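Here is the structure we will look at, set down as structure tokens.
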Amino acid sequence: MAPAELAGLETWIRSASLPGPHLEVGTAAGGTLCFLQKQYPPATRPAFVVVDTMTYFLDQFETIKRNLRAHDLDPEQTDFRVMNSSEAFAAASARGERFDFILVDASHKIRYMMDDLRWLRLLNT
């Protein structure tokens with residue numbers, strides 16, 4: 001994300017009350033994931049769920065974990081769902097999961113992006 005986008009996101013998150021689970025669909029190297037988690041003090045940090053196939057580049061999952069640790073974040077505190085978005089959505093829907101925050105930043109191909117928008121059905125408003 002561009003610096004201006006991150007700044008806008010930071011302002012919004014800090015002004016909103018979002019204690020429920022947060023979801024990131026697509027995470028690349030985990031930079032935005034680190035940024036999002038750091039918006040909350042450890043004692044009030046909500047649960048974070050990440051959906052990603054972990055096939056974007058070689059050693060992606062280990063890179064994400066290293067990046068979290070480098071930001072003093074415990075990778076074990078993130079619920080990683082290593083699967084495609086459609087499978088993860090079906091499972092989350094079947095469990096009745098809801099999220100206070102959803103960031104979709106996975107495949108930017110129109111077909112996949114349109115499919116990923118279904119996650120918004122699980123957004124608490």
Side-chain angles (χ1 to χ4, degrees):
M1 295 181 111
E5 293 169 319
L6 290 173
L9 190 54
E10 178 180 9
T11 299
W12 182 78
I13 286 174
R14 290 179 184 253
S15 68
S17 177
L18 303 169
H22 286 39
L23 169 68
E24 184 177 14
V25 180
T27 194
T32 303
L33 176 62
C34 293
F35 171 83
L36 290 170
Q37 289 190 17
K38 290 295 238 178
Q39 300 310 302
Y40 299 94
T44 61
R45 187 171 297 137
F48 275 81
V49 175
V50 172
V51 172
D52 198 297
T53 59
M54 301 297 171
T55 59
Y56 188 54
F57 57 86
L58 187 64
D59 206 28
Q60 180 184 359
F61 199 17
E62 290 307 313
T63 299
I64 293 164
K65 290 180 195 178
R66 272 194 311 275
N67 285 340
L68 285 165
R69 286 190 290 269
H71 286 89
D72 297 319
L73 298 163
D74 182 359
E76 298 299 318
Q77 298 299 310
T78 300
D79 179 0
F80 288 102
R81 300 179 186 178
V82 182
M83 61 184 71
N84 71 43
S85 178
S86 293
E87 293 169 332
F89 176 78
S93 294
R95 287 190 297 270
E97 289 186 78
R98 304 288 299 174
F99 300 94
D100 278 3
F101 177 87
I102 298 174
L103 175 69
V104 177
D105 191 17
S107 175
H108 295 198
K109 293 180 180 178
I110 190 70
R111 175 179 154 225
Y112 297 111
M113 187 66 212
M114 295 305 292
D115 284 346
D116 285 341
L117 290 177
R118 76 181 95 192
W119 282 100
L120 299 180
R121 296 178 200 158
L122 306 183
L123 181 63
N124 291 324
T125 57

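Count residues from 1 along the sequence. These numbers come from a predicted model, not from an experiment.
- Residue Phe101 is grouped with residue Met1 when hydrophobic side chains (ILVMFWY) are merged at heavy-atom distances under 4.5 angstrom, including chains of intermediate members.
- Across every non-hydrogen atom of Ser85 and Trp119, the tightest pair is OG-NE1, 2.8 Å.
- The 12-atom threshold is exceeded at CZ of Phe80, counting heavy atoms of other residues, nucleotides or ligands nearer than 6.0 Å.
- Of all heavy-atom pairs spanning Leu36 and Ile13, the tightest one is CD2-CD1, 3.4 Å.
- Taking the side chain as every heavy atom from C-beta outward, Val49 and His22 never approach each other to under 4.5 Å.
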- Task: Would you please test Arg14 and Glu10 for salt bridge (charged side-chain N to carboxylate O under 4.0 Å, His left out) and show each step?
- Result: CA-CA 6 Å; Arg14 290 179 184 253; Glu10 178 180 9; 3.2 Å; yes

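- Heavy-atom minimum distance, Val82 versus Thr53: CG1-O, 3.6 Å.
- Side-chain atoms of Arg45 do not come within 3.5 Å of backbone N or O of Lys38 as any donor-acceptor pair.
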- For Gln37 and Thr78, run side-chain contact (heavy atoms from CB on, under 4.5 Å): C-alpha distance rounded to whole Å, both residues' side-chain angles, the deciding distance at 0.1 Å, then the answer. CA-CA 10 Å; Gln37 289 190 17; Thr78 300; 2.9 Å; yes

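- Geometrically, Lys65 engages Phe61 in a cation-pi contact defined by less than 6.0 Å to the ring centre and at most 45° from the axis.
- Counting only distance, with no hydrogens or angles, the side chain of Asp105 and the backbone of Gly26 share no donor-acceptor pair below 3.5 Å.
- Formation of a donor-acceptor pair under 3.5 Å by the Arg81 side chain with backbone atoms of Ala88 is not found in this model.
- Across every non-hydrogen atom of Leu23 and Val51, the tightest pair is CD1-CG2, 3.9 Å.
- Between the side chain of Gln77 and the main chain of Asp74, no donor-acceptor pair closer than 3.5 Å is present.
- Glu97 has no carboxylate O lying under 4.0 Å from a charged side-chain N of Arg121, or vice versa, which leaves the two without a salt bridge.
- Using a 4.5 Å heavy-atom threshold, the side chains of Phe89 and Asn84 count as separate.
- Two residues are said to be in side-chain contact when any heavy atoms from C-beta on lie closer than 4.5 Å; Leu18 and Trp12 meet this criterion.
- A donor-acceptor distance shorter than 3.5 angstrom exists from the side chain of Arg118 to the backbone of Asp115, with no hydrogens or angles considered.
- Hydrophobic clustering of Ile, Leu, Val, Met, Phe, Trp and Tyr side chains at less than 4.5 Å, counting indirect connections, unites Leu9 with Leu73.
- Of all the heavy atoms in Leu122 and Ala92, the pair that sits closest is CD1-CB, 3.9 Å.
- Side-chain contact between Phe99 and Asn124: absent, with no pair of heavy atoms (C-beta onward) separated by less than 4.5 Å.
- Interatomic distance, Cys34 SG to Leu68 CG, rounded to the nearest 0.5 Å: 4.0 Å.
- One N or O on the side chain of Asp100 and one on the backbone of Gly20 form a donor-acceptor pair closer than 3.5 Å.
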- Could you walk me through whether Met54 and Ile64 pass side-chain contact (heavy atoms from CB on, under 4.5 Å), step by step? CA-CA 9 Å; Met54 301 297 171; Ile64 293 164; 3.5 Å; yes

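- With hydrophobic clusters built from ILVMFWY side chains whose heavy atoms lie under 4.5 angstrom apart, Leu103 does not share a cluster with Leu123.
- The closest side-chain heavy-atom distance from Pro21 to Phe48 is not below 4.5 Å.
- Side-chain contact, Gln60 with Thr63: no donor N or O sits under 3.5 Å from an acceptor N or O.
- Under a hydrophobic clustering in which Ile, Leu, Val, Met, Phe, Trp and Tyr are joined whenever their side-chain heavy atoms come within less than 4.5 Å, directly or via other members, Leu6 and Val50 fall into the same cluster.
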